[in-house]
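Scroll down for the structure; my scribbles are underneath it.
Every chain is numbered from 1 and lettered A, B, ... according to where its sequence line falls, protein lines coming before strand lines.
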Protein chains: 2
Amino acid sequence: MRGDGAERPFDLEEFLPYLLNQAAEATGKSFQNVYRADYGFTRTQWRVLANLGRFGAMTAAEICRISHTEKTKVSRAVAALEARGLLSRSPAATDRRAEDLALTPRGQEVFETLGRRAIAYDRALRDRLGPAAARDLDRVLRALIAPGPTLADE
Amino acid sequence: MRGDGAERPFDLEEFLPYLLNQAAEATGKSFQNVYRADYGFTRTQWRVLANLGRFGAMTAAEICRISHTEKTKVSRAVAALEARGLLSRSPAATDRRAEDLALTPRGQEVFETLGRRAIAYDRALRDRLGPAAARDLDRVLRALIAPGPTLADE
DNA sequence: TCATAGTGGTTGCTTTTGCAACCATGTCAA
DNA sequence: TTGACATGGTTGCAAAAGCAACCACTATGA
């Protein structure tokens, strides 16, 4: 056993949330240039586009649930995409509060272009890690995303 | 080989930067409550505190390098911590532009308390993954953070 | 059928970030 | 020395995120 009065000081560099955040920023940043510099999208806009492109029409609330994004962010992203003619709304059949969101043909095009570039970028990242490590990483990240353990008070 | 005209649509849920970001947010959020609700710190303020607590006095530029944080964020965080009496500045010996930053005794105390809670939280996260997966995760995350491959244009 | 509470979505206001410009000092070479 | 460029740090302004309040509608159940 290790000496228990040890009391090593806390080291940020070994703190999982910090490492995850650094990795997310590092990997996110270069792709951000694609959707930002080339299309003027916000990260949330890109996400909304990606979800609608992948899954077809759905409501804003569904996008929130799928992508764990706050509704106000989604609301504004939807408005922006609509203003640029990439997305259209139509009243939802069953619930008069909700609207079905769908990409316009132009939105679809953008999604496909951006999607191809994203796939290529993802492939490049995974190649750097090797297939086994990449698969493991997926698994672990999903495990971290899923439930959410509450914080143990000291 | 797999059929090459395949053209599967891009799926956000398998995009590494997205997964990393989700995991970072999920794990970061509950600890954020500790430093935010209990101390009113910003994430950057907590990082600055953590670095000074761990490594002792250093300049703002060094904090930037160590924690990959933009200088303006650090600058403001330092100002805020100073205003609260948790940090003090002194002119750097060798370079008259720079200032050595150090935690005050009160800052040290806060760091120690928060550090203990961070360690406990980190341990809880790692326990959920198992020791082997946690170690692998560290390794892979550091690999992702380190170099940064440029984006292949399509 | 009416009150109550929940859900989909938007808006306003504040905090935080990101970026560019800036000042002061330092470095290097002509 | 002097000019050009780099570096440490701050500030101002604009974009983005977070939060609470809100409107419209739906669901529940007394």
Side-chain angles (χ1 to χ4, degrees), chain A residues 21-22 24-26 28-30 32-33 35-37 39-49 51-52 57-84 87-102, chain B residues 21-22 24-26 28-30 32-33 35-37 39-49 51-52 57-84 87-102:
Chain A
N21 186 68
Q22 295 289 313
E25 267 180 31
K29 199 139 192 183
S30 54
Q32 185 172 330
N33 292 331
Y35 59 73
R36 249 188 88 179
Y39 292 87
F41 290 151
T42 255
R43 179 156 50 179
T44 310
Q45 287 168 226
W46 150 239
R47 279 191 193 172
V48 167
L49 187 89
N51 275 299
L52 290 176
M58 59 171 111
T59 71
E62 287 172 308
I63 296 180
C64 291
R65 277 190 290 272
I66 289 181
S67 64
H68 307 114
T69 308
E70 294 223 337
K71 60 191 201 161
T72 122
K73 271 199 284 184
V74 170
S75 173
R76 293 196 239 251
V78 166
L81 291 173
E82 184 188 29
R84 294 179 51 180
L87 172 157
S88 66
R89 316 156 107 122
S90 55
T94 58
D95 188 333
R96 269 190 301 164
R97 291 168 301 182
E99 295 173 307
D100 283 325
L101 307 172
Chain B
N21 187 69
Q22 294 290 315
E25 268 181 29
K29 198 137 195 185
S30 55
Q32 185 172 331
N33 292 331
Y35 59 74
R36 249 189 87 178
Y39 291 87
F41 290 151
T42 257
R43 178 155 53 179
T44 311
Q45 286 167 228
W46 150 240
R47 278 191 194 173
V48 168
L49 187 90
N51 275 299
L52 291 175
M58 57 171 110
T59 70
E62 286 171 310
I63 297 181
C64 291
R65 276 189 290 271
I66 290 182
S67 62
H68 307 113
T69 308
E70 293 224 338
K71 61 191 200 166
T72 127
K73 273 201 282 187
V74 171
S75 172
R76 296 196 237 252
V78 166
L81 291 173
E82 185 189 29
R84 294 179 50 180
L87 172 156
S88 67
R89 315 156 107 120
S90 56
T94 58
D95 187 333
R96 270 189 302 162
R97 291 167 302 182
E99 294 173 309
D100 282 326
L101 307 172

Rounded off to whole Å, could you give me the [atom1]-to-[atom2] distance for the [X] and [N] pair?
{"X": "B/Arg36", "N": "C/dT14", "atom1": "CZ", "atom2": "C1'", "answer": "11 Å"}
{"X": "A/Glu70", "N": "C/dT15", "atom1": "CD", "atom2": "C1'", "answer": "14 Å"}
{"X": "B/Lys71", "N": "C/dA24", "atom1": "NZ", "atom2": "C1'", "answer": "12 Å"}
{"X": "A/Leu101", "N": "C/dG8", "atom1": "CG", "atom2": "P", "answer": "13 Å"}
{"X": "B/Lys73", "N": "C/dG18", "atom1": "NZ", "atom2": "C1'", "answer": "9 Å"}
{"X": "B/Gln45", "N": "C/dT16", "atom1": "CD", "atom2": "C1'", "answer": "10 Å"}

Requested in this report: Apply side chain to side chain contact (heavy atoms under 4.5 Å, CB included) to B/Arg43 and B/Tyr35, showing your working.
Outcome: CA-CA 8 Å; B/Arg43 178 155 53 179; B/Tyr35 59 74; 3.6 Å; yes
**Report entry** Nearest-nucleotide comparison on DNA chain D, the residue closer to the 5′ end among A/Arg96 and B/Arg89
**Finding:**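 Result: B/Arg89.
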Query raised in the report: Step by step, would you call A/Met58 with A/Ile63 a side chain to side chain contact (heavy atoms under 4.5 Å, CB included)?
Result: CA-CA 7 Å; A/Met58 59 171 111; A/Ile63 296 180; 3.6 Å; yes
**Report entry** Donor-acceptor pair (no angle test) under 3.5 Å: A/Arg97 side chain, C/dT7 base
**Finding:**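 Donor-acceptor pair under 3.5 Å: yes.
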Requested in this report: Would you grab the first and last nucleotide of DNA chain D (5' to 3') that comes under 4.0 Å of any non-hydrogen atom in chain A?
Outcome: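 Span of nucleotides near chain A: D/dA16 to D/dT26.
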Report task. Select from B/Thr72 and B/Thr42 the residue whose nearest nucleotide in DNA chain C is closer to the 5' end of that strand. Result ->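 Upstream on the strand: B/Thr42.
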Report task. Between A/Ala79 and A/Gln32, just flag the one whose closest nucleotide in DNA chain C comes earlier from the 5' side. Result ->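 Looking at the nearest nucleotide for each, A/Ala79 comes out on the 5' side.
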Report task. Could you walk me through whether A/Asn21 and B/Arg47 pass side chain to side chain contact (heavy atoms under 4.5 Å, CB included), step by step? Result -> CA-CA 12 Å; A/Asn21 186 68; B/Arg47 278 191 194 173; 2.5 Å; yes
I'd like to know if the side chain of [X] reaches the main chain of [Y], judged simply by a donor and an acceptor atom lying under 3.5 Å from each other, with no hydrogens or angles considered.
{"X": "B/Thr72", "Y": "B/Glu70", "value": "no"}
{"X": "B/Ser75", "Y": "B/Lys73", "value": "no"}
{"X": "B/Glu25", "Y": "B/Gln22", "value": "no"}
{"X": "A/Thr42", "Y": "A/Gln45", "value": "no"}

Report task. Report the C-alpha distance between B/Thr44 and B/Arg76 in whole Å, list the side-chain angles of each, state the deciding distance to 0.1 Å, and finish with yes or no for side chain to side chain contact (heavy atoms under 4.5 Å, CB included). Result -> CA-CA 9 Å; B/Thr44 311; B/Arg76 296 196 237 252; over 6 Å; no
Query raised in the report: Can you name the nearest heavy-atom pair linking A/Leu101 to A/Ala60, along with the distance?
Result: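 Heavy atoms only, the tightest pair is CD1-N, 3.7 Å.
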Report task. Give A/Arg76 one of three labels, base, sugar-phosphate or nothing, depending on what nucleic acid heavy atoms sit under 4.0 Å from its own. Result ->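 If one applies the 4.0 Å heavy-atom cut-off, A/Arg76 turns out to touch a base.
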Query raised in the report: When you measure from every atom of DNA chain D, which of residues 61-68 of chain B have a heavy atom less than 4.0 Å away?
Result: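 DNA chain D contact set from residues 61-68 of chain B: B/Ala61, B/Arg65.
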Query raised in the report: Hey, is the side chain of A/Ser75 poking within less than 4.0 Å of OP1 or OP2 on C/dG9, counting only N and O atoms?
Result: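 Answer no for this pair, as no side-chain N or O of A/Ser75 is under 4.0 Å from OP1 or OP2.
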Query raised in the report: Which nucleotide in the set C/dC13, C/dG8, C/dT25 lies at the smallest distance from any side-chain heavy atom of B/Asp95?
Result: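 Nearest listed nucleotide: C/dT25.
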